[in-house]
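Notes to accompany the following structure.
Just so you know, residue 1 is the first one in the sequence shown, and it goes up from there.
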Amino acid sequence: MLKAIGIKVIIKPDGKKKQTDSGILLPEAETPPIGEVISIGEKVKGIEVGQKVLFAKWEHVELKHEGVLYYVFDYKAEHIKAIVSEEETE
């Protein structure tokens, strides 16, 4: 188990392959960097464990724990870009 401290956020990147409506697989460079928040430090406000977020591609440290890839961020507005909602909007 990983536990973030202070202003750290741990994100498990979305491992799903992205594709267009017509079924063409997109290269990783063209897929949005989205992942699930696994742990947040006690000083982090505004996001919660379990939320999907859009994050900055190059502002993290990669960490492999028990064979799973995680990203560790300092919690700053420029690193976590948005919370991704699963709900459909009309």
Mind checking the [atom1]-[atom2] spacing from [X] to [Y]? Nearest 0.5 Å is all I need.
X: Ile40; Y: Lys8; atom1: CD1; atom2: NZ; result: 14.5 Å
X: Leu2; Y: Tyr70; atom1: CG; atom2: OH; result: 6.0 Å
X: Ile10; Y: His65; atom1: CD1; atom2: NE2; result: 9.0 Å
X: Ser85; Y: Gln51; atom1: OG; atom2: CD; result: 9.5 Å
X: Leu69; Y: Ile11; atom1: CG; atom2: CD1; result: 11.5 Å
X: Ile38; Y: Met1; atom1: CD1; atom2: CE; result: 10.5 Å

Side chain to side chain, Val72 and Val9, heavy atoms closer than 4.5 Å: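 Result no, sub-4.5 Å side-chain heavy-atom pair not found.
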
Side chain proximity check, Pro33 to Leu54, heavy atoms < 4.5 angstrom: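 Pro33 vs Leu54: side chains touch.
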
Atom CD1 of Ile5 with >12 non-hydrogen neighbours under 6.0 angstrom: no

Co-membership, hydrophobic cluster, residues Val68 and Val37, 4.5 Å side-chain: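 No, Val68 does not connect to Val37 through the hydrophobic network.
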
Aromatic ring pairing Phe55/Tyr71, orientation class (parallel under 30°, perpendicular over 60°, tilted between): perpendicular

Sidechain-backbone polar pair: Glu42 side chain, Gly6 backbone, donor-acceptor under 3.5 Å: yes

Heavy-atom donor-acceptor pair, His79 side chain to Asp74 backbone, under 3.5 Å: yes

Nearest heavy-atom neighbours spanning Ala4 and Ser39: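 Closest pair (atom of Ala4, atom of Ser39, distance): N-OG, 2.8 Å.
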
Residues Phe73, Ile7; criterion side chain to side chain contact (heavy atoms under 4.5 Å, CB included); working and verdict: CA-CA 8 Å; Phe73 290 85; Ile7 62 167; over 6 Å; no

